[in-house]
Amino acid sequence: MSNTRMLMEMRTVLEKEFFERPAPAVAPELLGMYLVRRSGATEHAYMITEVEAYEGYDDRASHASKGKTARTAVMFGPPGRWYVYLVYGMHEMLNVVTGADGHPAAVLIRGVEGIEGPGRLTKRLGITRAENTLPATKATGLWIEDRGVRIAPHQIQKTPRIGVAYAGEWAHKPWRFVLDKSSSRR
DNA sequence: ACGATGATGAAC
DNA sequence: TTCATCATCGTA
């Protein structure tokens, strides 16, 4: 079997260790990975194209900055679990918990190939708070796969996070990472 | 530019 | 128990 063929067929479910790092390190590496959804017999995979990092207690844009509560408890738990919450009374937001157990951090998945916007994404894939706290590292209902796509640094656009103007200095951190289609060829 | 729509956290 | 706020989106 050729090397190329092996790469093309590579399908590795991301493990807990992948997520056991600071969110700003994990987030850009999720670009090019595949969000995989199984509903009954059908399975769909979507390449991740837009993410945001929320890191630690001090990040005022993060829900964790208010401390551990019923909602945010999962952020304080082990890495590699889903954190799904409702915002504006109608949109479910999909996050993966990162960092060591006890350290609150997560990456918000804001977009995948063909679906722009965190609310649209969860609606299209049928993701709700029912997924909250479930592992993102088991190939059951919803998980993330490495399918061999490698993203070069010049294809990643860094910007401040969206919708966090209330967060003071933290609003300026360049912790939103977008896969830039126009720079995908060199 | 604005309203929808309900959970959350903090104040009372 | 009430209140302001919210990691957004569709319609105007």
Side-chain angles (χ1 to χ4, degrees), chain A residues 14 18-35 37 44 46-100 102-136 142-144 156-181:
Chain A
L14 294 189
F18 177 92
F19 302 102
E20 200 155 26
R21 296 175 289 148
V26 173
E29 291 189 23
L30 283 173
L31 299 176
M33 300 291 181
Y34 282 79
L35 180 65
R37 181 58 158 161
H44 282 107
Y46 308 82
M47 192 171 72
I48 297 172
T49 56
E50 182 183 351
V51 294
E52 279 176 2
Y54 290 83
E55 175 60 34
Y57 301 92
D58 299 333
D59 180 0
R60 283 185 50 208
S62 172
H63 294 162
S65 67
K66 303 196 174 194
K68 190 174 179 177
T69 66
R71 177 177 63 155
T72 64
V74 64
M75 286 186 78
F76 289 75
R81 293 177 181 271
W82 296 118
Y83 168 39
V84 186
Y85 65 90
L86 186 72
V87 75
Y88 297 117
M90 48 186 99
H91 305 294
E92 312 269 358
M93 299 287 109
L94 177 65
N95 303 251
V96 202
V97 173
T98 70
H103 179 81
V107 174
L108 170 65
I109 301 180
R110 294 188 54 91
V112 297
E113 210 167 34
I115 310 174
E116 256 180 60
R120 296 184 186 119
L121 165 63
T122 52
K123 183 166 188 186
R124 285 272 301 277
L125 302 205
I127 296 163
T128 69
R129 281 161 291 169
E131 315 279 343
N132 191 43
T133 75
L134 295 182
L142 183 69
W143 67 96
I144 303 175
I156 300 178
Q157 196 181 332
K158 302 177 187 186
T159 83
R161 294 168 292 181
I162 305 294
V164 297
Y166 58 85
E169 295 188 24
W170 295 87
H172 306 313
K173 295 237 174 244
W175 284 355
R176 172 173 174 252
F177 304 90
V178 185
L179 186 56
D180 186 0
K181 276 184 190 166

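Below, chains carry the letters A, B, ... as their sequence lines are ordered, and counting in each starts from 1. Keep in mind that what you see is a predicted model, and the values were worked out from it rather than measured.
Inspection of the A/H63 and A/Y83 side chains reveals an N or O donor paired with an N or O acceptor under 3.5 Å. At a cut-off of 3.5 Å, with distance as the only test, a side-chain donor of A/T69 or A/T72 sits close to an acceptor on the other residue. Side-chain contact, A/R176 with A/T159: a donor N or O sits under 3.5 Å from an acceptor N or O.
Cation-pi geometry between A/R71 and A/Y85 is met: under 6.0 angstrom from the ring centre, within 45 degrees of the axis. Remark: A/R21 qualifies as a cation-pi partner of A/F18 under the 6.0 Å distance and 45° angle criteria applied to the six-membered ring.
Salt-bridge formation is not detected for the pair A/E131/A/R81: no Lys NZ or Arg NE/NH1/NH2 atom is positioned less than 4.0 Å from an Asp or Glu carboxylate oxygen. Of the charged side-chain nitrogens involved, none lies within less than 4.0 Å of a carboxylate oxygen, so that A/D180 and A/K158 do not count as a salt-bridged pair.
No contact: A/R176 has no heavy atom under 4.0 Å from any strand.
No more than 12 heavy atoms of other residues, nucleotides or ligands sit less than 6.0 Å from atom CZ of A/R124.
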Expected rows: protein N/O vs nucleotides 10-12 of chain B N/O, under 3.5 Å:
none

Self-check item: Bracket string, DNA chain B, 5' to 3' - pairs by Watson-Crick or G-U geometry under 3.5 Å, | interstrand
Solution: ||||.||||||.
Practice problem: Could you run through nucleotides 1-12 of chain C and give me one letter per nucleotide, 5' to 3': B if any protein heavy atom sits under 4.0 Å from the base, S if only the sugar-phosphate is that close, - if neither? | Solution: -----BBBSS--
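Considering CG of A/L31 and CZ of A/F177, their distance stands at 8.0 Å, rounded to 0.5 Å. Note: A/Y57 OH to A/M75 CE = 10.5 Å, rounded to the nearest 0.5 Å.
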